[in-house]
J.: 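Sharing a structure, written as structure tokens. Questions coming.
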Amino acid sequence: MNHHYHVWCLAVLATALYLAPAPAESTIVLTHTNMENSTMFAGTRVKKRTGGESNDQATAESYWTPGHVQGAQEDESAYTQPEDYFPSAHGLVQTHPATFSGFGSISESSHGNLPPLGYSSLDFDKRGLDELRKNPELSSPEECARACREGEPPRICYYHFTAELYNVLGAACQVCTPNATNTLWSHCQCILADGVERGMLAVNRMLPGPSIQVCEGDKVVIDVLNHMHGMELVIHWHGIHQKGTQYYDGVPYVTQCPIHEGNTFRYQFDTNSGTHFWHAHSGLQKIDGIYGSIVVRQPPSQDPNSHLYDYDLTTHVVLLSDWLHENGMERFPGRLAANTGQDPESLLINGKGQFTDPNTGFSTNTPLETFTITPGRRYRFRMINALASVCPAQITIQGHPLVLIATDGEPIQPVVVNTIISFSGERYDFIINAEQPVGAYWIQVRGLGECGNKRVQQLAILRYARGPYQPKSKAPTYDVGLPQGVVMNPLDAVCDRPRTDAICVNQLKNAKVVDKGLLQERPDVKIFLPFKFLFYRPDELFQPHQYNKYLVAPGGGDHVISLVDEISYTSPGSPMISQIDDIPPELFCNGDNKPANCGRNCMCSHKVDIPRHAVVEVVLVDEVQQPNLSHPFHLHGYSFNVIGMGRSPDKNVKKINLKHALDLDRRGLLDRHFNLPPLKDTIAVPNNGYVVFRFRADNPGYWLFHCHFLFHIVIGMNLVLHVGTHADLPPVPENFPRCGDFLPPVSVH
Ligand SMILES: CC(=O)NCCc1ccc(O)c(O)c1
């Protein structure tokens, strides 16, 4: 096809659609009646209201007419030059053409060029832009988000993150109303989320924050500037192994000191392939908006499943998150009277969604995320569960089976499912074949577990190019959802036999050969880790001279902390990796070395030492025994092979515990499979069940291992696996920030 003709033709089409008046149904109604004080939020106008007004009135007075036209993104696979393309991720304004370079010839497959990211280096703080411009060896985000080809030299990809206190529906939404035909800025700083105004935290005024999309082997450099007043910040790169760059894993007081307000910390590391993400690992900042995707692509020849799909687009990342209508700190330790625990009000899909007030039934009408596909083509989608609360998320796409091809960044032998249940921290990559009639189809994401109480869900749209924008069928509701079919990750934990209705993680097969040594009968190190909550009695918790942490759990208002092997993790005051000598040795502990007389609530820095190169087996045992709650454990620095999972085969045993798991193991009754066990870095332990996994300890360092639920991290459901010795580590980077107590002798004048 003639290159220039193609370009011109699409540009005209896109422009025409872009300037067309907004269809009535896409009017955004930014109103929300707050349960307690009936405060209305109307786009850029803020009105205080008294209670009792009808929703009709509210709607009439407080809507906003956007010029956002979904049709601007017409054909995902026909992109050629950036001028033709209106990104969907933040698709309010056209991306600045001048920021793009390196687009080659038109390719008929995605294994060719990629559409733009949806933001560019022009969105950096000026300091970031200057850094990029003065260093010719650095590539911009838009240059790095490219198709990966064998034999092409790796790049050094540069990002600048500015973290701020920010707001949803702030005045930025006045400046870049979506109907402004503004071509000066690549990025509109208006965050709509689910259409309900709130304070939040944002990186580069985007939600999700900037997506990092590179090719395997590229080096990534991220300058993180903390502009959050009175807050420290640490960012973790979930799924990146940090081999050789152990200092940049982003765990406070384990691998670094937190970044002070006003300071910039430069992370730099190599990339292992897969769908990953980044998020704050400090405090509760993640649930307030500090997260974004990481996609590390490979040349097709490197992916055993590449023959199954035609396109792997920048715009087909599906990042799921949970969303509150207040700051996360309102929920910790939590309130007693209006006890909602930590359950979210809403879910978001790529930071977008709508909210229906359960009290009034009133809905916002903010744009839903739309993924565009072309009939007859096969698309790789990369789903990231970035939820922070305890709710599993279930995704279903109307009329489209999902061909699962990877999880947590690692390829598996393809399996077909109809719905995926995922837990905080997990990633699932699947293929969608665009083989249904041209149309628009619902994507439904439901919050399960505790989220069933509020029935939170979110919708997005899978749209065939040149088809309608809205699905013909009524939107699925929480109770009448899309048909389920085969479920990935059934919550019933029946994982010891093949079944037709579901697939468990341990039943997935690795698409690559597995290290034989890992599958040997006896591992070098075997670690049993039971975990549970400690329920405090109020009289026990509120004693003089003690300020013990606690979480007010939902429902009954229990005051709890978390224990792993009877220990509640407590952070030291200096990072283990860089200032081990500044940490009093008695602060460290583990199951074999607990502090004397620490009673029920042992608080110390739980650390298990592992010899380098050892074959390690970990058995996690759920002693929480809270029906409805399965805890996803995430290991930093590694992927591990999932050997087995399930519940006790002994029908007389109602509740599993460490003693019983040890007994099952002795009798050879823990489920173990050695035929191509899949690789994961985050695994949900079935409630009242167990998980067995193995890895070879070939990455020295201090690696956090923890429940990925945000509010369980802060109450101690963590430990550190310390692999090797300090002699195995690269030297501490020059001028690496230091922190710790300052307790000089008292000076007497
Ligand atoms: C009997 C009871 O209500 N227990 C609460 C369990 C619990 C504890 C902590 C959480 O984060 C959570 O979601 C649930």
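Side-chain atoms are counted along with the backbone in the values below, which use heavy atoms only and exclude waters and symmetry mates. The model shown is predicted, which means the values in this text are computed figures rather than measured ones. Numbering of ligands and ligand atoms starts at 1, following listing order. Residue numbers start at 1 and run along the sequence shown.
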J.: Determine whether the aromatic ring centres of residues F277 and Y291 are separated by less than 6.0 angstrom.
T.: no

J.: Who passes salt bridge (Lys or Arg N to Asp or Glu O under 4.0 Å) against D622, sequence neighbours left out?
T.: none

J.: At a heavy-atom distance under 4.0 Å, which protein residues reach ligand 1? Sort them by chain and number, would you?
T.: V390, E450, F533, F535, L551, A553, P554, D558, Q626, L629, H712

J.: Can you confirm whether the thiol sulfurs of C495 and C504 sit closer than 2.5 Å?
T.: yes

J.: Check whether the ring centres of H631 and F531 lie less than 6.0 Å apart, and answer yes or no.
T.: yes

J.: May I ask you to check whether F695 and F640 place their ring centres under 6.0 Å from each other?
T.: no

J.: Is the SG of C451 found under 2.5 Å away from the SG of C391?
T.: yes

